[in-house]
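Please see the structure below; I have some questions.
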Amino acid sequence: MAEPAERIRREFAPQAEVEEAARAMEVFAKTHGSEGRRVVLITSGGTKVPLESRTVRFLDNFSSGRRGAASAEYFLQAGYAVIFLHRHRSMYPYSRRYTAVNWLDALQIVPAPQTDSALTEPKLKVEADQTNLPGIVGVLKDYQSIKGSGRLLPVEFNTLSDYLHLLLAAAKALSPLGANAMFYLAAAVSDFYIPASEMPEHKIQSSSGPLQITMKMVPKMLSPLVKDWAPKAFVISFKLETDPSILIERARKALETYRHQVVVANVLDTRRSYVVVVTDVSESKLSVSDDEETRGVEIEHKIVDDLTSRHSSFIEGLQ
Ligand code: 9Z3
């Protein structure tokens with residue numbers, strides 16, 4: 001295994017049950033691979049970078065995980081098997097539509113039909129008020145059908161360190177699938193971290209005055225992923241900027257540096273309605289109009305449609 005993998009093992013202590021998740025991903029990839037199904041690894045959500053070993057404070061970022069969770073639904077709809085590598089408590093496929101709902105307002109206690117003798121306590125059941133949960137019947141049906149199909153494997157990370165270990169494990173699991181594997185790297189991963197050896201053990205004291213920290217660069221995973229870990233896979237990274245004027249140039253730079261297939265470029269403020277799909281030879285703008293938005297069209301649907309067809313061409317050796 002190439003040097004970056006060694007560095008991850010040496011410098012980042014995982015907290016999650018990485019080995020168990022690694023085994024689950026391997027079995028999942030084997031099962032779906034042997035049935036000829038395409039498998040996509042979606043990464044989603046932000047990462048948490050601790051400032052102390054007994055962590056009180058950490059550095060986080062804005063990502064809600066909506067892009068990843070919505071995309072997972074559309075990949076599942078397109079027939080893919082999905083490993084959903086997501087930040088703990090970030091948005092989740094299907095349930096993401098109800099993150100703003102207070103469930104206690106949406107549920108009611110009602111009497112249940114009595115089957116036993118009159119001596120037992122009256123039975124109660126809980127009913128959902130659908131006005132507070134728009135579309136719940138359809139969403140629940142989709143969720144249950146996908147769950148039953150075994151095509152969705154959720155894997156959670158919390159810290160940057162967990163993420164790095166799990167991405168490496170996922171790449172190993174998917175590599176045997178060759179071009180049938182897709183990596184859809186939508187997580188907003190920290191570029192900076194403090195190595196365990198340089199981290200204070202205890203809570204940093206404010207009595208010591210203003211805080212100055214120096215952070216190291218996180219190893220770029222895309223490079224070994226494309227070159228060594230899963231060299232035949234179809235790899236998509238996301239490029240996020242706040243300044244639209246440098247977006248495409250940065251996306252092109254990433255393609256040149258890592259030599260993968262696609263960069264989906266987006267700007268923080270407009271990311272829900274506009275992205276550019278950038279390849280070596282093309283730039284395709286995808287957008288959601290106001291009218292489409294009111295009809296519930298999501299940009300992720302368009303991104304996934306675009307990428308699944310590019311993936312087909314890639315498998316056929318055309319891209
Ligand atoms: C993205 O650009 C995603 O589209 C968003 C989605 C994180 C903006 P939300 O989770 O937002 O739906 O709220 N992801 C990649 C962001 C990133 O950090 N990319 C790195 C970079 O731009 C390269 S891998 O340098």
Side-chain angles (χ1 to χ4, degrees), residues 4 40-49 59-75 84-97 99-100 156-158 160 163-164 166-168 170-171 182-193 215 217-227 229 233 235-278 284-288 293 298-304 306-307:
V40 59
L41 173 85
I42 298 178
T43 68
S44 184
T47 53
K48 179 167 141 184
V49 179
L59 195 74
D60 209 331
N61 66 48
F62 69 94
S63 170
S64 64
R66 181 170 145 182
R67 173 85 82 226
S71 304
E73 290 175 23
Y74 295 115
F75 276 115
F84 184 58
L85 179 56
H86 65 290
R87 162 86 179 270
H88 178 63
R89 290 205 179 129
S90 62
M91 284 199 193
Y92 194 83
Y94 308 103
S95 67
R96 73 186 170 97
R97 295 168 197 268
T99 44
E156 279 189 0
F157 62 87
N158 203 357
L160 169 70
Y163 170 84
L164 295 175
L166 288 167
L167 181 63
L168 173 56
M182 184 198 280
F183 289 80
Y184 182 88
L185 306 172
V189 181
S190 177
D191 283 326
F192 311 105
Y193 78 109
M215 304 183 91
M217 294 299 293
V218 171
K220 292 284 180 203
M221 301 287 277
L222 206 45
S223 184
L225 175 74
V226 175
K227 273 206 291 232
W229 301 347
V235 179
I236 297 129
S237 73
F238 280 71
K239 170 56 70 183
L240 175 75
E241 293 296 342
T242 51
D243 176 358
S245 71
I246 60 167
L247 184 66
I248 301 302
E249 162 206 328
R250 301 303 303 160
R252 292 227 157 273
K253 181 92 184 40
L255 278 179
E256 267 164 39
T257 310
Y258 303 113
R259 311 227 137 266
H260 56 309
Q261 286 69 39
V262 179
V263 173
V264 179
N266 57 172
V267 171
L268 186 64
D269 298 338
T270 55
R271 69 190 190 278
R272 303 277 175 242
S273 57
Y274 179 71
V275 303
V276 188
V277 178
V278 185
S284 316
K285 299 182 171 93
L286 302 178
S287 61
V288 169
E293 201 190 323
E298 295 183 299
I299 189 108
E300 287 77 13
H301 200 164
K302 298 192 178 193
I303 300 174
V304 170
D306 181 290
L307 293 176

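Each ligand, and each atom within it, is numbered from 1 in the order the structure gives.
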Counting each atom of ligand 1 from 1 as listed, which ones have a heavy atom of Ala186 under 4.0 Å away? 1 (C), 3 (C), 7 (C), 14 (N), 15 (C)
Quick one: does ligand 1 sit under 4.0 Å from the side chain of Met221, the backbone, both or neither, non-hydrogen atoms only? neither
Donor-acceptor pair, Asp191 side chain versus Met217 backbone, under 3.5 Å? no
Where the closest heavy atom to atom 18 (O) of ligand 1 is concerned, which of Ala188, Ala265, Ala254, Gly68 has it? Ala188
Ligand 1 atoms nearer than 4.0 angstrom to some heavy atom of Ala187 are 14 (N), 15 (C), 16 (C)
Can you name the residues that form a ring pair (Phe, Tyr, Trp, His ring centres under 6.0 Å) with Tyr193, not counting sequence neighbours? Phe12
Sub-4.0 Å atoms of ligand 1 with respect to non-hydrogen atoms of Ser64: 9 (P), 10 (O), 12 (O), 13 (O)
Residues Val278 and Ala265: closest non-hydrogen pair is CG2-CB, 4.4 Å
If you count the atoms of ligand 1 from 1 in the order shown, which ones are under 4.0 Å from a heavy atom of Arg272? 9 (P), 12 (O), 13 (O)
Relative to the heavy atoms of Arg67, which atoms of ligand 1 are at a distance of less than 4.0 Å? 4 (O), 6 (C), 12 (O)
Using a 3.5 Å distance criterion without hydrogens, assess whether the side chain of Asn61 forms a donor-acceptor pair with backbone atoms of Ala188. yes
I'd like to know whether Arg87 forms a side-chain contact (heavy atoms from CB on, under 4.5 Å) with Phe157, so could you lay out the CA-CA distance, the side-chain angles of the two residues, the decisive distance to 0.1 Å, and finally the verdict. CA-CA 5 Å; Arg87 162 86 179 270; Phe157 62 87; 3.8 Å; yes
Examine Leu185 against ligand 1 and note whether any of their N/O atoms are separated by less than 3.5 Å. no
Counting only heavy atoms closer than 4.0 Å, does ligand 1 sit against the backbone of Leu240, its side chain, both, or neither? both
Examine the proximity of ligand 1 to Lys239 and report which part, side chain or backbone, both or neither, has a heavy atom under 4.0 Å away. both
Of all the non-hydrogen atoms in the protein, which one sits nearest to atom 4 (O) of ligand 1, and at what distance? Asn266 OD1, 2.7 Å
Looking at His88, is its backbone amide N or carbonyl O close enough to the side chain of Glu156 to form a donor-acceptor pair, meaning the two atoms are under 3.5 Å apart? no
Atom 11 (O) of ligand 1 sits nearest the protein heavy atom Arg271 NE, 3.0 Å
Could you tell me the residue and atom name of the protein heavy atom closest to atom 24 (S) of ligand 1, and the distance to it rounded to 0.1 Å? Phe238 O, 3.6 Å
Numbered atoms and elements of ligand 1 in range of Ser63, under 4.0 angstrom, heavy atoms: 7 (C), 9 (P), 10 (O), 13 (O)
Would you check if Leu286 and Val276 make a side-chain contact, meaning some heavy-atom pair closer than 4.5 Å? no
Using 30° and 60° as the class boundaries, would you call the ring planes of His301 and Tyr74 parallel, tilted or perpendicular? parallel
Taking only residues two or more places apart in sequence or in another chain, which ones pass salt bridge (charged side-chain N to carboxylate O under 4.0 Å, His left out) with Lys227? none
Below 4.0 Å from any atom of ligand 1, is there a heavy atom belonging to Gly65? yes
